[in-house]
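Note sheet for the following structure.
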Amino acid sequence: AACVGGADWIAIIRPIRDISGWLVPFFLVVVVFVIFGLANLLTSLLTDLVLRNSQTQERMIMSEAWGEQKSAINRFRDMLVESGRLQDGHIHRKNVSRAIKSDKGTRILKDAGVDPPTALGLLKLLDTEETG
């Protein structure tokens, strides 16, 4: 109780000292362990709370960023569909290259965090047979 301010230390030590004077140092060691243990417990609880809070915020930020990128990719896909050059669900590499190089396509890709030269390189890697 004295650790959290409920009793006076002298009132607690008196009965121990009446039993034996040698018990007082042992009692003080126990008290020190209890005080440091409580301090350690509170520190660990606060640290854990801060870490969990920061992880939650980080996940929220990542989720928002992913949503923005996904939205930009969907806009790029819609732009390709609107071009009207789809044939049986395929689009030729030349048409996609033109879309990537266009001002609107470049803006959309930059919103998605993709550089147009990178997108062109990926397009060449994915369409090795040039079939669309």
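Predicted model, so just to flag it, every value in this text is computed and none were measured.
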Same cluster or not: Val24 versus Ile19, using hydrophobic residues (I, L, V, M, F, W, Y) connected whenever any side-chain heavy atoms lie under 4.5 Å apart?
yes
Quick check: is Ile108 connected to Ile73 through a chain of hydrophobic side chains (ILVMFWY, heavy atoms under 4.5 Å apart)?
no
Using atom types as modelled and distance alone, determine if a side-chain donor or acceptor of Thr106 lies under 3.5 Å from a backbone N or O of Ile100.
yes
When rounded to the nearest 0.5 angstrom, what is the spacing between CZ in Arg75 and CG in Leu109?
10.0 Å
Can you tell me if Ser63 uses its side chain to pair, donor with acceptor, with the backbone of Met60 under 3.5 Å?
no
Flag yes if Phe26 and Ile12 sit in one hydrophobic cluster, no otherwise; membership is Ile, Leu, Val, Met, Phe, Trp, Tyr, and two members link when side-chain heavy atoms are under 4.5 Å apart.
no
Heavy-atom count check: over 12 atoms from other residues, nucleotides or ligands less than 6.0 Å from Leu41 CG?
yes
Salt bridge (Lys or Arg N to Asp or Glu O under 4.0 Å), that's the test. Do Arg52 and Asp48 meet it? Break it down for me.
CA-CA 6 Å; Arg52 286 178 191 239; Asp48 185 56; 3.0 Å; yes
When hydrophobic residues are tied together by side-chain contacts of less than 4.5 Å, even through go-betweens, does Val30 share a cluster with Leu38?
yes
So which pairs with a foot in residues 15-44 pass side chain to side chain donor-acceptor pair (under 3.5 Å), sequence neighbours left out?
none
Do other residues, nucleotides or ligands put more than 12 heavy atoms under 6.0 Å from Gln55 CD?
yes
A side-chain contact here means heavy atoms from C-beta on lying under 4.5 Å apart; do Met79 and Ser102 qualify?
yes
